[in-house]
Amino acid sequence: MKQLLTGNEAAAEAAIVAGCRYYYGYPITPQNELINYMSSRMPQVGGAFIQAESEIAAISMVHGSAAAGGRTMTSSSSPGISLKQEGISYLAGSELPCVIVNIQRGGPGLGDISASQADYFQAVKGGGHGDYHIIVLAPSSVQEMADLVYDAFDLADKYRNPVMILGDAQIGQLMEPVEFHKKFKKHLPQKTWSLTGAEGRKRNIIKSFYPVKGQLEEFNAHLQRKYKTIEEHEVRYEAVNIHKADVILVAYGTSARVCREVVKKSRRLEFRVGLIRPITLWPFPKEIIRKISEKVQCILTVEMSAGQMVEDVRLTTEGRCSVHFYGRTGGGVPTSSEVIKKIVEIVPNNRAANTLLHLAEVR
Amino acid sequence: MKQLLTGNEAAAEAAIVAGCRYYYGYPITPQNELINYMSSRMPQVGGAFIQAESEIAAISMVHGSAAAGGRTMTSSSSPGISLKQEGISYLAGSELPCVIVNIQRGGPGLGDISASQADYFQAVKGGGHGDYHIIVLAPSSVQEMADLVYDAFDLADKYRNPVMILGDAQIGQLMEPVEFHKKFKKHLPQKTWSLTGAEGRKRNIIKSFYPVKGQLEEFNAHLQRKYKTIEEHEVRYEAVNIHKADVILVAYGTSARVCREVVKKSRRLEFRVGLIRPITLWPFPKEIIRKISEKVQCILTVEMSAGQMVEDVRLTTEGRCSVHFYGRTGGGVPTSSEVIKKIVEIVPNNRAANTLLHLAEVR
Amino acid sequence: MHALYEKPKAFIDTATHFCPGCGHGIVLRLIAEIIDAWGIRGKTIGLAPVGCAVLAYNYLDIDMCEAAHGRPPAVATGIKRVHPDHIVFAYQGDGDLAAIGTAEIIHAANRGENITFIFVNNAVYGMTNGQMAPTTLLGQKTATTPAGRDMANCGHPIRVCELLAVLEGTSYLERVSLSSPENIRKTKKAIEKGFKTQIEKKGFSLIEILSPCPIYWRMDPNEAMRHIDEEMSRTFPLGVVKNWEQTN
Amino acid sequence: MHALYEKPKAFIDTATHFCPGCGHGIVLRLIAEIIDAWGIRGKTIGLAPVGCAVLAYNYLDIDMCEAAHGRPPAVATGIKRVHPDHIVFAYQGDGDLAAIGTAEIIHAANRGENITFIFVNNAVYGMTNGQMAPTTLLGQKTATTPAGRDMANCGHPIRVCELLAVLEGTSYLERVSLSSPENIRKTKKAIEKGFKTQIEKKGFSLIEILSPCPIYWRMDPNEAMRHIDEEMSRTFPLGVVKNWEQTN
Amino acid sequence: MMEKIILAGFGGQGMMLLGKLLAQAAIAEGKQVTYFPSYGTEVRGGTAVYHLIVSNEEIFSPVIEEADTLIIMNQPSYLKFKEMLKPNGLLLLNSSMIKVDNPPDATIYKVQATEIASKLGNVLVSNIVMMGAYLAIKKLFSANLILDQLQTMLKGKKGDLFAINKKALENGMQLIEATYR
Amino acid sequence: MMEKIILAGFGGQGMMLLGKLLAQAAIAEGKQVTYFPSYGTEVRGGTAVYHLIVSNEEIFSPVIEEADTLIIMNQPSYLKFKEMLKPNGLLLLNSSMIKVDNPPDATIYKVQATEIASKLGNVLVSNIVMMGAYLAIKKLFSANLILDQLQTMLKGKKGDLFAINKKALENGMQLIEATYR
Amino acid sequence: MAVIRIKENYCKGCLLCVPVCHNKSLVLSDSINDYGLHPVKFREDAECDGCKKCAIMCPDVAIEIYN
Amino acid sequence: MAVIRIKENYCKGCLLCVPVCHNKSLVLSDSINDYGLHPVKFREDAECDGCKKCAIMCPDVAIEIYN
Ligand SMILES: Cc1ncc(C[n+]2csc(CCOP(=O)(O)OP(=O)(O)O)c2C)c(N)n1
Ligand SMILES: Cc1ncc(C[n+]2csc(CCOP(=O)(O)OP(=O)(O)O)c2C)c(N)n1
Ligand code: SF4
Ligand code: SF4
Ligand code: SF4
Ligand code: SF4
Ligand code: SF4
Ligand code: SF4
Ligand SMILES: [Mg+2]
Ligand SMILES: [Mg+2]
């Protein structure tokens with residue numbers, strides 16, 4: 001039977017099902033259910049659990065276990081993820097596979113503990129130093145949290161790259177029925193590069209230091225080629241009702257669920273609302289949005305931030321259609337009525353839009 | 001007489017001239033000349049110098065001195081700046097004025113110590129968590145380093161906001177003649193909010209925590225309004241030869257100097273190359289680039305990165321003209337010949353472009 | 001009618017957000033009492049930690065500053081440089097001070113910062129719902145040591161006063177508790193001594209206070225107080241660990 | 001012709017990047033000698049620090065990992081969890097271990113990680129051109145203490161072994177030096193003892209090595225060695241600070 | 001069918017469990033369900049509120065903008081959340097702790113849950129009394145299904161705990177049948 | 001007028017100082033100047049190379065793509081940088097340490113700087129010998145201007161240091177006059 | 001003889017004040033405060049000599065003592 | 001009698017090996033190695049009993065000893 005779990009717990013259990021045996025974390029709300037779950041579950045499967053002295057120590061332990069060839073994970077929330085930025089840059093620069101969960105909360109600073117999507121830039125543009133990318137996956141249900149965690153470990157190993165699960169307080173603490181049924185992935189490369197003791201072979205070195213002139217540029221070129229491959233092969237998104245849509249919503253994670261509600265409500269009308277829900281935030285689903293931008297009059301991006309992903313949407317549409325933004329900050333979650341009102345504001349005045357407005361007001 | 005100083009030293013001396021009396025740092029190449037200089041200079045002016053136990057401690061000490069009403073600064077280079085991201089988010093969230101110098105080096109990870117501009121995203125999009133902005137100034141000469149450091153302190157105080165000086169290994173270690181002649185700024189607000197002991201007044205609190213539902217969203221709205229004001233009033237850039245230009249280069253800091261060389265070389269030709277050099281990276285000089293994009297066929301952005309500022313250029317041009325990119329990574333500094341070759345590649349084939357190519361090849 | 005005991009003026013007239021029987025309220029009240037008695041509201045600046053005492057500034061009517069988790073010693077250092085003659089104190093929990101903030105407290109101590117640290121050791125992370133702290137007792141069950149803390153995986157509870165005592169920069173270190181009116185009086189004396197150390201520019205002082213967290217100890221408040229006496233102070237013996245007035 | 005002394009096989013045949021007379025080369029060579037002698041190349045994993053020894057993997061022919069500045073204890077912990085039966089050692093400088101990495105070393109020690117730490121104390125930040133380290137001697141001139149380190153502003157040099165000795169998790173702590181062939185032999189013995197401690201699963205071991213940085217001490221190499229004997233070892237006394245074999 | 005319930009009370013009144021039991025019953029019956037604890041802040045104490053949606057179709061937003069049912073345990077929660085009920089929705093109140101003033105346009109049921117639970121010997125089962133009342137009114141799930149869930153949940157705990165919970169459930173149901181039918 | 005000089009040698013051969021003296025002379029004469037130490041890596045030792053540009057007009061890029069003059073102190077630097085000289089540029093070599101093979105298309109001057117300096121009693125002034133030679137060839141600045149700079153720089157140091165530096169400068173100049181004129 | 005005032009809405013009923021009173025003058029009250037908690041009350045006819053132990057113990061500054 | 005081999009290009013002329021040799025067998029050489037440094041050399045006709053102290057002292061693994 002399906003279990004009723006929080007997103008945090010589902011992420012933890014999915015990691016264990018995916019073969020993660022090295023978890024290092026530090027408490028922070030709203031991801032505490034994850035570290036707490038790991039502390040009881042890891043010993044049961046013979047894995048390692050350490051409550052590290054800090055987020056920095058945790059990401060560094062992840063560095064060690066990844067270098068040693070283990071499947072490894074850490075989790076935190078916004079302030080703690082900021083602390084990990086140097087470590088993440090090192091992981092990317094050392095090409096180490098690992099999974100990092102960010103259950104975002106309101107910022108900046110201590111902010112509060114409610115849901116937010118204001119760490120998008122940090123995740124996809126790189127909050128750390130240097131030109132690097134991590135793969136960023138954004139679940140919007142507890143089941144998807146579990147499914148994406150499996151995939152995160154596979155993607156990390158496939159590309160020797162850190163993968164981030166970008167959730168928020170709502171998805172982390174929401175309970176939904178979930179099943180764990182990881183499919184066995186073939187064709188994952190052997191970790192011949194990992195540190196196992198150089199018995200009978202040349203030594204392996206895990207590093208990101210390229211002091212000889214030219215080497216670092218060469219290494220960066222290699223990274224950029226790898227990122228290009230990922231961009232070509234790993235884009236994921238969900239498209240709902242996008243054909244002949246009058247307006248297209250773009251939203252991920254928690255705000256995508258609100259938008260889905262809007263799409264559902266609009267079904268009863270002549271006015272067509274579609275949704276593109278990026279599942280990979282990096283690589284960003286550029287192709288589909290580019291295509292859509294040739295067909296619709298306007299796109300509305302909905303986020304729990306002051307406007308971050310909307311920049312990636314605009315970079316993709318390049319002026320071909322108008323791109324609007326509706327956002328809530330600091331723990332505010334948009335409601336479907338708010339989104340509908342915003343749609344009414346941006347679409348040319350027509351009957352359908354007014355019906356929509358009516359719908360929003362009646363609730 | 002002008003002194004021959006490195007950019008690092010000029011930044012330090014300018015800070016002292018600007019009244020900075022609280023400096024906290026941690027050694028890292030290529031900004032060591034700055035902390036070393038401060039260690040001998042601060043005691044001479046009765047200021048505080050602490051070699052902190054880490055970059056995190058340093059930014060936290062800055063937090064304290066800023067909260068107490070002092071003019072305060074820290075400096076580091078890429079990995080160290082990554083470590084400060086949580087602290088920077090707190091400073092922004094607490095609206096504390098301070099100056100942070102990032103003398104960028106090659107990344108990701110340990111990378112190397114040569115010049116780079118790959119921390120652009122981190123600086124302007126926010127490497128820390130939450131929706132915040134810091135003002136980012138990019139000097140391209142040692143004299144400008146000094147001048148911008150004065151302004152950085154004034155801007156910080158004016159807006160109660162952290163300001164970053166974004167340099168790189170080249171500008172940090174380059175020696176040029178420099179003079180210190182800060183003009184006295186009037187109309188800087190009194191720091192009535194600062195912590196001085198609540199003698200005879202209501203207590204002051206410096207914090208970024210807004211746990212009561214709705215408060216954080218309100219505070220974020222306030223921040224966004226402030227950012228809008230800054231965007232309206234504080235944009236700075238240098239425009240060279242942009243009238244009737246066939247192609248416009250956009251570059252800042254070290255790479256702008258290379259582009260300036262290209263502009264100079266092209267003067268002898270019929271083919272006109274112009275340059276827009278953003279001095280404030282945030283707020284980004286959108287208006288002038290938007291205007292230019294209506295007039296030129298193409299823009300070439302030149303950076304020492306895999307392509308970061310170019311996104312802000314594209315966000316501004318919105319498809320009105322083609323935007324190209326030339327970049328070097330990992331310590332590579334573009335040469336004027338490389339830039340000329342790239343121009344030739346992107347402009348419609350014409351005689352002028354060929355002359356230009358000739359120029360590039362002859363060197 | 002004459003008041004024998006009244007709310008200290010420096011304690012803001014409001015209900016606190018702490019759980020019933022939590023020690024934080026007692027400690028904050030003691031600080032307020034000293035501020036009143038010594039008349040130092042105008043020259044005192046406090047640091048609130050990230051932890052259950054995060055809202056200390058809602059209770060203490062003085063200038064206060066937030067610090068990121070673990071960083072109060074560094075933030076206090078920055079404040080003290082600007083106001084060397086003010087009384088600057090940092091209020092920290094055991095997760096804040098002895099886990100993520102280890103480097104900051106050690107180096108503030110080593111520099112001999114003339115600052116007073118009020119270190120509330122409740123052997124648990126209260127704020128984040130009861131995980132292990134560096135000071136969690138062996139065998140103690142927490143959200144991250146469901147089977148009880150064991151030495152092999154999680155190490156021994158860290159004795160902060162004894163660790164800092166090794167550093168030349170520390171001047172006054174004492175461990176006290178809140179388990180009884182008598183012990184609370186001693187705690188107040190210790191905080192006074194900490195402030196005095198600072199006023200006389202004798203350097204770094206830290207008062208470690210054994211404090212109950214009934215909620216995450218899963219005890220009723222009176223049981224929690226007994227637990228301090230019977231269990232906790234065996235791992236963390238009460239008393240002066242270092243005192244500049246007694247060094248010869 | 002029979003070799004009385006040859007380059008250890010585990011030491012890669014190349015010139016090093018160290019300055020003339022730098023102690024790092026000696027320490028790395030000793031590690032290589034032990035790896036050869038004990039035949040443990042295939043089960044040893046090393047951690048290179050950020051510091052002058054950053055390129056340790058260019059000299060030691062074993063599996064090695066870089067760690068961000070100060071984080072070798074945490075990275076080593078992550079490696080050791082995957083390979084509990086391998087010999088994992090971290091090589092760290094004094095800035096790396098005793099400044100930015102304070103929290104990591106204290107907590108690895110407190111957890112009693114079964115890892116060996118080779119701690120090269122050269123009283124200075126070599127890599128970044130000679131700033132003060134936590135272990136810089138009082139009065140020592142560095143790039144950030146141009147008038148010499150003074151206790152009032154910069155605190156006292158931290159004695160790492162003595163600090164860690166307070167923690168129950170530490171098993172073997174010894175301070176040695178490189179000042180003479182005799183002392184180098186003792187250093188080698190101490191490293192061997194560290195590895196033995198680990199192989200026998202006795203827990204945390206750390207060997208603090210007083211090591212010359214002639215360049216930033218502004219001394220010629222032989223003078224620097226004398227300085228270790230005459231000055232440095234007065235602040236940092238040589239000898240065993242803690243030994244699991246001797247505890248009763 | 002879609003039922004949106006908001007449950008609110010102060011920490012310790014067992015709202016979390018109440019919602020969880022309903023959610024698990026929903027899963028057992030093959031229904032869709034989302035259950036969202038919407039903590040206010042990082043700060044201790046105060047009101048705990050939970051959004052529970054049970055449906056035959058896919059549920060999108062787990063945040064309830066307009067509830068079909070409110071189950072409210074104390075006065076502050078009543079004041080805070082009463083406006084979230086849809087017109088004529090079900091308002092189920094713990095009248096031991098709530099003074100009903102300015103009621104919204106609703107079908108109101110008052111249950112003296114705290115008192116009943118106290119009489120049963122354990123004030124902590126007041127939530128289960130409310131559960132009984134809710135089942136009796138909406139009949140979303142059978143009492144047996146809920147009791148099954150409870151039994152699994154209490155497995156390993158002291159035996160009489162289940163008995164008292166069962167009593168509480170029945171009392172709640174009976175109260176509705178007796179008072180309102 | 002614009003003169004682009006690349007100075008290279010190994011650490012300790014005083015290239016830094018040589019360039020700094022020229023740069024300061026340029027400032028004294030009201031010229032524009034950029035002086036850029038282009039360290040290879042965070043790693044100790046190896047070659048140190050400096051880019052010095054002196055000009056009457058504004059200088060844009062401080063990085064030299066094509067040098068007017070190379071002043072080279074040792075063999076590895078010679079091999080590494082000789083291609084950076086413009087055709088027929090000035091190649092000034094410390095022939096004590098450089099074996100000239102495959103020379104580029106250049107005007108070559110060889111100065112046994114290390115030997116001369118050793119003879120003067122201090123191998124560390126080999127850089128100043130090179131300075132003398134450079135001044136004699138390019139006559140960018142007067143020897144006196146440089147000596148002034150040197151004097152200010154050496155103020156406070158032991159007195160004979162200036163004397164030996166002066167000697168070194170003169171020796172360098174004389175060598176050029178004698179050998180190449 | 002001193003008088004105790006308990007601030008009903010500040011008191012959380014933690015009972016820390018109860019055992020420290022040598023007169024056993026404080027007991028839990030039946031009433032419920034605004035936060036839904038039972039505060040303590042001064043037992044009717046109880047003694048109080050103003051020793052302050054209860055106030056010293058109270059984590060919520062809920063007790064004031066007068067005479 | 002043992003034989004010392006010094007790897008010219010590894011030796012940095014730090015002279016740490018010089019004072020430890022009780023036979024004073026090592027001296028700085030006039031030659032310059034690839035890095036522009038003067039290495040040490042085994043003094044002509046010097047003694048060596050293979051005590052290894054020089055090699056133990058050498059930070060650059062530049063000395064090997066044979067017999
Ligand atoms: C960087 C960062 N990491 C983690 C947290 C989450 N957090 C808040 S308080 C706290 C620890 C609380 O424990 P303690 O310091 O012992 O204080 P207490 O609540 O027990 O008084 C943690 C881990 C945070 N806010 N920031
Ligand atoms: C986060 C970060 N901060 C600072 C640096 C710069 N850095 C490199 S090595 C080093 C310290 C070197 O000192 P130590 O650890 O004593 O090693 P040594 O070079 O003396 O052997 C520093 C500060 C860095 N690379 N990363
Ligand atoms: S959780 Fe513990 S420390 Fe925090 S307020 Fe409650 S009782 Fe106090
Ligand atoms: S700077 Fe010091 S520690 Fe670094 S290589 Fe040189 S001598 Fe060794
Ligand atoms: S003051 Fe003393 S006697 Fe009076 S109620 Fe309080 S504890 Fe009891
Ligand atoms: S100690 Fe204070 S809060 Fe606790 S019961 Fe007594 S009066 Fe109430
Ligand atoms: S082995 Fe001994 S005797 Fe031989 S050269 Fe070396 S130090 Fe001298
Ligand atoms: S100790 Fe080694 S490097 Fe130093 S001089 Fe002797 S042989 Fe050369
Ligand atoms: Mg605690
Ligand atoms: Mg060092």
Which heavy atom of [X] sits nearest a heavy atom of [Y], and at what distance?
X        : Y        : answer
A/Glu53  : D/Ala103 : OE2-O, 3.8 Å
D/Glu104 : A/Ser54  : OE2-OG, 4.3 Å
A/Ala48  : D/Arg81  : CB-CD, 3.7 Å
A/Ala67  : D/Cys65  : CB-SG, 3.8 Å

Query raised in the report: Does a side-chain heavy-atom distance below 4.5 Å link D/Ile12 with A/Arg203?
Result: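 In short, these two side chains touch, coming nearer than 4.5 Å.
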**Report entry** Side chain proximity check, D/Tyr57 to A/Ile206, heavy atoms < 4.5 angstrom
**Finding:**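 Of all side-chain heavy-atom pairs linking A/Ile206 with D/Tyr57, none is under 4.5 Å.
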**Report entry** Interatomic distance, D/Lys80 atom NZ to A/Ser65 atom OG [nearest 0.5 angstrom]
**Finding:**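 If we round to the nearest 0.5 Å, D/Lys80:NZ and A/Ser65:OG are 12.5 Å apart.
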Query raised in the report: From D/Asn58 CG over to A/Phe209 CZ, what is the distance, rounded to the nearest 0.5 angstrom?
Result: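 Going from CG on D/Asn58 over to CZ on A/Phe209, the span is 9.5 Å.
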Report task. Can you spot which of D/Ile79, D/Ile62, D/Val82, D/Val88 makes a side chain to side chain contact (heavy atoms under 4.5 Å, CB included) with A/Leu195? Result ->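 That would be D/Ile79.
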Contacting moiety of [X], where chain D heavy atoms sit under 4.5 Å:
X        : answer
A/Ala57  : both
A/Thr196 : both
A/Ile59  : neither

Query raised in the report: Hey, is A/Arg201 close enough to D/Asp63 for a salt bridge, meaning N to O under 4.0 Å?
Result: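 So A/Arg201 pairs with D/Asp63 through a salt bridge.
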Query raised in the report: Any ion pair linking D/Arg41 and A/Glu199 (charged N to carboxylate O, less than 4.0 Å)?
Result: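 No, this pair does not count.
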Using non-hydrogen atoms and a 4.5 Å limit, figure out which bit of [X] sits close to chain A: side chain, backbone, both or neither.
X       : result
D/Ala68 : both
D/Leu47 : neither
D/Ile35 : neither

**Report entry** Residues which pass salt bridge (charged side-chain N to carboxylate O under 4.0 Å, His left out) with A/Lys191, listed by chain and number, not counting sequence neighbours
**Finding:**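 Partners of A/Lys191 under the salt bridge (charged side-chain N to carboxylate O under 4.0 Å, His left out) test: A/Asp157.
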Query - residues 189-203 of chain D: residues contacting chain A (heavy atom under 4.5 Å, by number) - result: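 Against chain A, none of the residues of residues 189-203 of chain D fall inside the cut-off of heavy atoms under 4.5 Å.
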**Report entry** Between A/Ser208 and D/Glu66: side-chain donor-acceptor atoms closer than 3.5 Å
**Finding:**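 Per modelled atom types, A/Ser208 and D/Glu66 side chains form a pair under 3.5 Å.
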Query raised in the report: Is A/Gln190 atom CD crowded by more than 12 heavy atoms from other residues, nucleotides or ligands, each under 6.0 Å away?
Result: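 Not more than 12 within 6.0 Å, no.
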Query raised in the report: Between A/Ile50, A/Val62, A/Thr72, which residue shows the highest count of heavy-atom pairs closer than 4.5 Å to chain D?
Result: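 Ranked by contacts with chain D, first place is A/Ile50.
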Requested in this report: Give the member of D/Ile87, D/Ile106, D/Ile45 that has the highest number of heavy-atom pairs under 4.5 Å with chain A.
Outcome: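 Looking at each of D/Ile87, D/Ile106, D/Ile45 in turn, D/Ile45 comes out on top.
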